[in-house]
Amino acid sequence: MTPAPNPLAPDWLRLPTDANELAPGLWPASASRNGTGELVLGGVTATALAAEFGTPLYVIDEADARASAAEMLAVFQAEFARIGTSAKVYYAGKAFLSTEMVRWMIAAGLNIDVCSGGELAVALAGGADPVRLGFHGNNKSLAELDQATRVGVGTIVIDSEVEIGRVAEAAARNGRVQNVRLRVNSGVHAHTHDFLATSHEDQKFGIVLTDAPRLVALIRAEPALNFVGLHCHIGSQIFGADGFAESAARLLDVHAALLADGPIPELNLGGGFGIAYTSADEPTPLRELAVALADIVAAECTRLNIPVPVVAFEPGRVIIGRAGVSLYRVGTTKAVDVSGNPRLYISVDGGMSDNVRPALYGADYAVRLADRRSSSAPVLVRIAGKHCESGDIVVDSDYLPGDVTPGDLLAVPATGAYCWALSNNYNYQGRAPVVAVLNGSARMLVRGETIADLLARDTGVRPPADGATPTEGTLTEGTL
């Protein structure tokens, strides 16, 4: 008999008929179970990955990441070609960035968006042509602006009035005329299915839309700057196109007015397209988004009687999110009773050091057994990390087979975006490695950290009297 749903479960969580099922849309396209029930990613079993690289472990399905990038570019280019213009796609490197990821995105035809000198260095080390880079940030340092203009970054996004002079000085010093966008706040705020349109802003990014004409005039007065268009970002993890449509309409009104003083070739509508983190999520298909956005841009340009600009987008999560899966080893289990209702706590060898999103944002994730299939009835579980924080939760609520035991391998899908990027050393935990899987083989993208790596930054470490290294006799490098 199938058990009844646990009253402790959130309303959106469905009691599965099969707790081994890999819900469509959450996992990389290559994900499957083999004959013995092991999770297989990119042709490699989770068991083999954990044995070779240890846990916690970030696994990226290379084919899935590349295919998502190619699909994004193809559908947006096709729909904007339909309305007589073109689309540019910048991969938002803040979601996940490594030199290999840069190479994948460039090969797929995307540009790269960076937000710091470190991300700029990674993009350049990955072989990106600087012309294909966009540079964001609300507080870009003078050194970062000098580096960006010196290497020839394609576009710098100006985030405040004070940056106009700073970028102009850096560009002039390096003998360049620098393309710039101006980030504005449209007053539209979107998240998942909802959006709110307001007339005022209170946030650190961008400038008030009504200030745009004055600041664009200042930009155009600088000989070392070339204004290419407005930029706006309305939120993240957005389902549907309504928020983007409202924001685009507001921006195009200002864009049209600014055309009186000179050409404006582009309009950047930002990113924020959502993905599925749980089986309850229903993200908007990319083609549906592209059709809706192209239609609204065309309609607004017709209404305003202006040329349709090149339209740029900056997706990150929608490209790399689903491609990533995190593997953990179960350490302990503990059954608790909450007003007569059971919950099984499962503690794993990672936590908020490798995925801080649940603690930061209350983000929900799913989880599945990765090293076997089980016929046990599903029970409500909460996956807890190993850190000394009660809020250190990896998966707040899901169902797993009731025979989960210490030593089992677990997999959390949709962790490609903002998990490694936000990873940290809380409790002196080494950051986990990142591996790519493709056609039955795995290779390291980013090496994990050892205790020796962490101690190497501590200037107070002194060698033991016997000459042994500080970590000898405690933990081996393979334990992190």
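Residue numbers start at 1 and run along the sequence shown.
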OG1-CG distance between T333 and L400, expressed to the nearest 0.5 angstrom: 11.5 Å
Dump the intermediate steps for side-chain hydrogen bond (donor to acceptor under 3.5 Å, both in side chains) on H189 and Q203, then the final yes or no. CA-CA 11 Å; H189 309 272; Q203 61 161 299; 4.6 Å; no
Filter on salt bridge (charged side-chain N to carboxylate O under 4.0 Å, His left out), then keep only pairs touching residues 320-338, sequence neighbours left out; what's left? D64-R322
If you look at every heavy atom in H231 and G270, which pair is closest and at what distance? NE2-CA, 4.4 Å
What are the two closest heavy atoms between L133 and A128, and how far apart are they? CD2-CB, 3.8 Å
Measure the shortest side-chain to side-chain distance between V348 and I383 over non-hydrogen atoms and say whether it is less than 4.5 angstrom. yes
Is the ring pair F273/F313 parallel, tilted or perpendicular, if the boundaries are 30 and 60 degrees? tilted
Worked verdict on N34 versus T36 for side-chain hydrogen bond (donor to acceptor under 3.5 Å, both in side chains): CA-CA 6 Å; N34 63 14; T36 60; 3.0 Å; yes
Under the ring pair (Phe, Tyr, Trp, His ring centres under 6.0 Å) rule, what do H136 and H233 come out as? Steps first, then yes or no, please. CA-CA 11 Å; H136 265 289; H233 182 74; 8.0 Å; no
Check for a donor-acceptor pair, side chain of S423 on one end and backbone N or O of W420 on the other, with a separation under 3.5 Å. yes
Nearest 0.5 Å please: distance from the OH atom of Y328 over to the CG atom of N355. 5.0 Å
Evaluate the salt bridge (Lys or Arg N to Asp or Glu O under 4.0 Å) criterion for residues R82 and D295: first the C-alpha distance (whole Å), next the side-chain angles of each, then the deciding distance (0.1 Å), finally the verdict. CA-CA 9 Å; R82 173 175 61 83; D295 286 347; 2.9 Å; yes
Apply the side-chain contact (heavy atoms from CB on, under 4.5 Å) test between P5 and each candidate in L15, D11, L13; give the one that qualifies. L15
If only atom types and distance count, is the side chain of D453 paired as donor or acceptor with the main-chain N or O of T450 below 3.5 Å? yes
Output yes when a side-chain donor or acceptor of T99 lies under 3.5 Å from a complementary backbone atom of G126, and no otherwise. no
Salt-bridge present (E21, R33; N to O < 4.0 Å): no
Quick check: are there more than 12 heavy atoms from other residues, nucleotides or ligands sitting under 6.0 Å from CG of N439? no
Out of curiosity, T415 OG1 to Y277 OH, how far, rounded to the nearest 0.5 Å? 9.0 Å
If only atom types and distance count, is the side chain of Q429 paired as donor or acceptor with the main-chain N or O of G350 below 3.5 Å? no
Any salt bridge between D396 and R382, counting N to O under 4.0 Å? yes
Yes or no on side-chain contact (heavy atoms from CB on, under 4.5 Å) for R357 and M352, after CA distance, side-chain angles and deciding distance? CA-CA 8 Å; R357 293 189 70 252; M352 62 194 303; over 6 Å; no
Which atoms form the tightest heavy-atom contact between V122 and V102, and what is the distance? O-CG2, 4.1 Å
Are R14 and Y399 in a cation-pi setup, meaning NZ or CZ lies under 6.0 angstrom from the ring centre and within 45 degrees of the ring axis? no
Given D349 and T55, is the side-chain hydrogen bond (donor to acceptor under 3.5 Å, both in side chains) satisfied, shown in steps? CA-CA 7 Å; D349 52 357; T55 56; 2.5 Å; yes
Could you please spell out the steps behind the side-chain contact (heavy atoms from CB on, under 4.5 Å) verdict for D113 and C115? CA-CA 7 Å; D113 175 60; C115 299; 4.2 Å; yes
Would you sort out whether E52 and R443 count as a salt bridge (Lys or Arg N to Asp or Glu O under 4.0 Å), showing the intermediate values? CA-CA 10 Å; E52 181 175 358; R443 72 184 192 284; over 6 Å; no
Just so I know, are the side chains of I320 and S68 near enough to count as touching, which here means a heavy-atom distance under 4.5 Å? no
Hey, what do you get for CG (L251) to CD1 (I234), rounding to the nearest 0.5 Å? 10.0 Å
Return yes if some donor-acceptor pair links the side-chain N/O of K88 with the main-chain N/O of E314 below 3.5 Å, else return no. no
Can you check whether N185 reaches V208 side chain to side chain, under 4.5 Å on heavy atoms? no
Please check: side-chain N/O of D403 versus main-chain N/O of S376, any donor-acceptor pairing under 3.5 Å? no
Quick check: closest heavy atoms across Y345 and A384, and the distance to 0.1 Å? CD2-CB, 4.4 Å
Point-to-point distance, once rounded to the nearest 0.5 Å, from CG of L286 to OG1 of T284: 9.0 Å
4.5 Å side-chain heavy-atom contact, L269 and V311: yes
For H387, ring-ring contact (aromatic ring centres under 6.0 Å, His included) partners two or more places apart: Y426
Please test Y90 against R132 for side-chain hydrogen bond (donor to acceptor under 3.5 Å, both in side chains), starting from the C-alpha separation and ending with a verdict. CA-CA 8 Å; Y90 289 78; R132 296 179 65 174; over 6 Å; no
Would you say S30's side chain and G42's backbone share a donor-acceptor pair under 3.5 angstrom? yes
Minimum-distance pair of heavy atoms, taken over all atoms of A366 and V412: O-CG1, 3.3 Å
Side-chain heavy-atom pair I60, V437 within 4.5 angstrom cut-off: no
Flag the pair W27 / R368 as yes when at least one side-chain heavy-atom distance between them is below 4.5 Å, and no otherwise. yes
Lys/Arg-Asp/Glu bridge criterion (N-O < 4.0 Å) met for R373, E38: no
If you define the side chain from C-beta out and look only at heavy atoms, does anything of D354 sit under 4.5 Å from Y58? yes
Is the terminal nitrogen or CZ of R183 (NZ for Lys, CZ for Arg) located under 6.0 angstrom from the six-membered ring centre of F205 and within 45° of that ring's axis? yes
Using 0.5 Å steps for rounding, measure from the CZ atom of R181 to the OG1 atom of T155. 4.5 Å
Just wondering, do L39 and D371 contact through their side chains at under 4.5 Å, heavy atoms? no
Pair L454, E449 - check side-chain contact (heavy atoms from CB on, under 4.5 Å), show working. CA-CA 7 Å; L454 301 184; E449 290 177 324; 3.8 Å; yes
Checking F135 against E144 for the side-chain contact (heavy atoms from CB on, under 4.5 Å) test, could you report, in this order, the C-alpha distance in whole Å, the side-chain angles of both residues, the deciding distance, and whether it holds? CA-CA 10 Å; F135 198 160; E144 288 172 331; 4.0 Å; yes
Grab the two heavy atoms, one from A107 and one from R66, that are nearest each other, plus how far apart they are. CB-NH1, 4.0 Å
Would you mind listing every salt bridge (charged side-chain N to carboxylate O under 4.0 Å, His left out) that reaches into residues 404-430, with sequence neighbours excluded? R372-D408
Look at the side chain of N6 and the backbone N and O of P342, then say whether any donor-acceptor pair between them is shorter than 3.5 Å. yes
